[in-house]
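Report on the structure given below.
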Amino acid sequence: MMKQLKTFLIAAVAFLGGSQMVQAQAKCAHIDVQEIMSKMPAVLEAQNQLKKLSETYDADFKTMVTEYQTKIEKYEREATTVGDKVNEDRRKEVDDMEKRINDFRQTAAKELQTKESDLMKPIEDKVKASIAKVGKAKGFQYVFNAAGLLLADGPDITADVKKDLGF
C-alpha cells in the first residue's frame, strides 16, 4: 500500500510537472518586418513624398550657397577699390548669409525628420496592429522580428500579415 501511494505520488508529480512544462512553452512565430515595410504601397508613397521634399530643400540650399559664393567673389574682387565702411558692411552681410544658410540647413533637416515621423508613424502602427491581429488569430503568444533572430525555426507569418494589410 505504501509502495502504491509512493508510486502514485511520483506519477502525480511527474504529470503535474509535465503539464506545467507544456503550459510554460509559449507559441512563438517570426515575421520579417523589413520585407513588409519595404513593399508596402503606403511606405513607398511616403518615401516618394520625402524624396520630393528633400529635393526641394536641396535646390533651395544650392541656390543660397551659389548666391553666397557669388557675393564673396564679388566682394573679394572689389575689396581694394571700396572703403573700409563698405567692406565692413559686406562682411556683416556675408556673416548674415552664412547664418541663414546654416539655419536653413538645420531647419530643413528637422522638418524632414518631422515629416518622416508624421508619415511613417501611422504606417508602423498599422503594421503592428496587423501583426498582433494575425498573431492572436493563429494562437501565438509571441511574434519576433526575424531581422534580429539568429535562428528562426518557428512559423513565419510574414505572408499572413501582408495579406491582412491588403498586399
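These numbers come from a predicted model, not from an experiment.
Counting heavy atoms from C-beta outward, F167 and I36 have side chains that approach closer than 4.5 Å. Annotation: side chain of C28 is not in contact with side chain of F140 (no heavy-atom distance under 4.5 Å).
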Could you give the side-chain donor-acceptor pairs of residues 111-120 under 3.5 Å, partners two or more places apart or in another chain?
from: E111; atom 1: OE1; to: Y57; atom 2: OH; distance (Å): 2.2
from: T114; atom 1: OG1; to: K110; atom 2: O; distance (Å): 3.0

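Distance alone, capped at 3.5 Å, is enough to place a donor-acceptor pair between the T158 side chain and the D32 backbone.
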What do the steps show when you test V65 against Q69 for side chain to side chain contact (heavy atoms under 4.5 Å, CB included), and what is the final call? CA-CA 6 Å; V65 169; Q69 290 171 337; 3.8 Å; yes
Before giving the answer on side chain to side chain contact (heavy atoms under 4.5 Å, CB included), spell out for V127 and M40 the whole-Å C-alpha distance, their side-chain angles and the decisive distance to 0.1 Å. CA-CA 10 Å; V127 170; M40 255 182 105; 3.5 Å; yes
Where do Q34 and N145 land on the side chain to side chain contact (heavy atoms under 4.5 Å, CB included) test, with the steps shown first? CA-CA 9 Å; Q34 182 61 36; N145 187 359; 6.0 Å; no
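For V94, the side chain to side chain contact (heavy atoms under 4.5 Å, CB included) test picks out Y68, I72, Y75, E98, with sequence neighbours left out. Remark: D103 pairs with K99 by the side-chain hydrogen bond (donor to acceptor under 3.5 Å, both in side chains) rule, at least two apart or across chains. Under the rule for a side-chain hydrogen bond (donor to acceptor under 3.5 Å, both in side chains), the partners of K121 that lie at least two apart in sequence or sit in another chain are D125. Residues that satisfy the side chain to side chain contact (heavy atoms under 4.5 Å, CB included) test with E88, not counting sequence neighbours, are R91, K92. Residues that satisfy the side chain to side chain contact (heavy atoms under 4.5 Å, CB included) test with Q47, not counting sequence neighbours, are V43, L44. Evaluation of the side-chain hydrogen bond (donor to acceptor under 3.5 Å, both in side chains) rule for E35 yields K162 as partners, not counting sequence neighbours.
Residue pairs satisfying the salt bridge (Lys or Arg N to Asp or Glu O under 4.0 Å) criterion with at least one member in residues 53-74, sequence neighbours excluded, are listed as follows: K71-E93. The salt bridge (Lys or Arg N to Asp or Glu O under 4.0 Å) analysis of residues 133-145, with sequence neighbours excluded, yields the pairs K133-D164, K138-D160.
Salt-bridge formation is detected for the pair K85/D89: a Lys NZ or Arg NE/NH1/NH2 atom is positioned less than 4.0 Å from an Asp or Glu carboxylate oxygen.
Side chains of N102 and R105: a donor on one and an acceptor on the other come within 3.5 Å.
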